[in-house]
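The next block holds one structure in the form of structure tokens; read it before the comments.
Whatever order the structure lists ligands and atoms in, that order sets their numbers, starting from 1. Residue numbers run from 1 in the order of the sequence given.
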Amino acid sequence: ADADYEFKYVILGGRVAAGYAAREFFKQGVKRGELAIISKEAVAPYERVTLSKEYLLPNQPSRLPDFHVCVGSGEERQLPEWYTDKGIELILSTEIIQVDLASKALVSASCQIFKYQTLIIATGSTPVRLTDFGVQGVDAKNIFYLREIDDADKLVEAVKAKKKRKAVIIGGGYIGLEVSAALRINNLDVTMVYLEPWCGPRLFTAGIATFYEAYYANKGIKIIKGTVAAGFTIDSDGDVKEVTLKGGRVLEANIVFVDVEARPLTSLFKGQVEEEKGGIKTDAFFQTSVPNVYAVGDVSTFPLKLYNEMRRVEHVDHARKSAEQAVKAIKASEEGKTIEEYDYLPYIFSRSFDLSWKFYGSNAGKRLLVRDNDPASGKQKFETFWIEKGKIIGAFLMNGTPQENDAIAKFARVQPGVDNLDVLKEELGLPSKEE
Ligand code: FDA
């Protein structure tokens, strides 16, 4: 079939990675009409992390255009005009439903055909729906997931409209924690439900989780652990009325928020490109197994040089940096040049209530909790170090100053040697305990 549109570069996906890739194309030099972003969403690329945080607050919530990329990294905000100005095509509200990497063509839901010379896949990830776990009554109204800005709008609408105001949050990861806090600030009655023995199980130690759970309890959030949602009951309007937990307990609920797991959006490319660990496999320049096809952000599985392993990372810092790396690599290869391999230091952050933490590096090995993790002490500041094979390899800091955050990032990158934990404890000169 003939192409309706043809571009030198196409970015498929329109959020974090796409926006940062566009900026890097602009920095490196791109001619008018050479680059297009194709996105299912109706708005220009934005910082997704806002959706579970400032977007949900009752007072002065964040709204577009406030959080278009690249405000998250302190750079120029790219409004729709920014793209027009640079001659970058923003093709919005356009879902691609078919991809043929061999003939370099993308087909949209309205049957338009887009051709490209170089493709950057930035389709990201999407929350797994409870439907996939065979839970009863999942079609009830007022069961929410957070994928796009539309989802956040629907949640906000429900929060504003509901009179009974009972919310159940399913999933104890950092997104569940953020949304719980936002709904509590909206004065809802909030109960969190999760299977694991403590919140943030993928990253948090018992010491970090103990702090969080006590802090949340003080804010009036109830926590039920060790169980999952087995089903929902629905009222005559089709709205959710109750959540039945495995084990039989029933919770009243007018709003349910679910964040249990995310899945990378790779299905369009199945069988056309190599995959690994659930993502699209790339090299250190985010080139996939198919020439001139790159994959960045949540969807890519790339070599994490620091730990000498292949990894997929679902965090915004990597979405930004991988996008920049891919564009630099594309531009360099056109000039017959090479660039340095991606050398990423994993970095995650989260904010809720007046808590803000950062984590750098790897959470393997022994753990040392430094300072005071009792929220009742009023300090709300502590760190945790992970120590493996005689080196500090990971660091978490609650409510650090920018300078302190830089310092822990450096630890995780440089991996200072620790012959003996007792010596380290003494050197720190602060209260600390092994976990
Ligand atoms: P992302 O998923 O953001 O974007 C994918 C884009 O592709 C979307 O625009 C989508 O519509 C489009 N798309 C997909 N398929 C398509 C198709 N077939 N046709 C057209 N378009 C298509 N991280 C962190 O470090 N700290 C934090 O505090 C948070 N907070 C946070 C909150 C919430 C609610 C979420 C969901 C996620 C976070 N994250 C986070 C994770 C972070 O937001 C995430 O890593 C990045 O958004 C990934 O960016 P990408 O651009 O790779 O994918």
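Under a 4.0 Å heavy-atom criterion, Glu178 is in contact with ligand 1. For the pair Arg351 and ligand 1, no heavy-atom separation below 4.0 Å is found. Using a 4.0 Å cutoff on heavy atoms, Asp317 does not count as a contact of ligand 1.
Every atom of ligand 1 is numbered from 1 in the order shown, and the set under 4.0 Å from a heavy atom of Thr94 is 19 (N), 20 (C). For ligand 1, the atoms sitting less than 4.0 Å from at least one non-hydrogen atom of Glu148 are 11 (O), numbered in the order shown with element in parentheses. Against a heavy-atom cut-off of under 4.0 Å, Ser125 is close to the following atoms of ligand 1: 2 (O). Shown in contact with Ala122 at under 4.0 Å from a heavy atom are these atoms of ligand 1, numbered in order with element: 5 (C), 6 (C), 7 (O).
Of the polar atoms of Ser350, none of the N or O atoms is found under 3.5 Å from an N or O of ligand 1, judged by distance alone. Polar contact check, Asp298 against ligand 1: a nitrogen or oxygen pair lies under 3.5 Å apart. Taking only nitrogen or oxygen atoms, main chain and side chain alike, Ala17 reaches within less than 3.5 Å of ligand 1.
Nearest residue to atom 6 (C) of ligand 1 from Pro45, Ala109, Gly124, Gly14 is Gly14 (criterion: closest heavy atom). When the heavy-atom distances from atom 19 (N) of ligand 1 to Ile96, Ile175, Leu265 are ranked, the shortest goes to Ile96.
If you check the side chains of Gln117 and Tyr9, you find no donor sitting under 3.5 Å from an acceptor. No hydrogens or angles considered: nothing links the side chains of Glu178 and Ser352 as a donor-acceptor pair under 3.5 Å.
Glu47 pairs in a salt bridge (charged side-chain N to carboxylate O under 4.0 Å, His left out) with only one of the listed residues (Arg15, Arg77, Arg320), which is Arg320.
Ion pairing of Glu196 with Lys225 is absent here, as no side-chain N (NZ or NE/NH1/NH2) approaches a carboxylate O to less than 4.0 Å.
Contacts with ligand 1 closer than 4.0 Å are made by backbone heavy atoms (N, CA, C, O) of Glu314 only, the side chain lying farther away.
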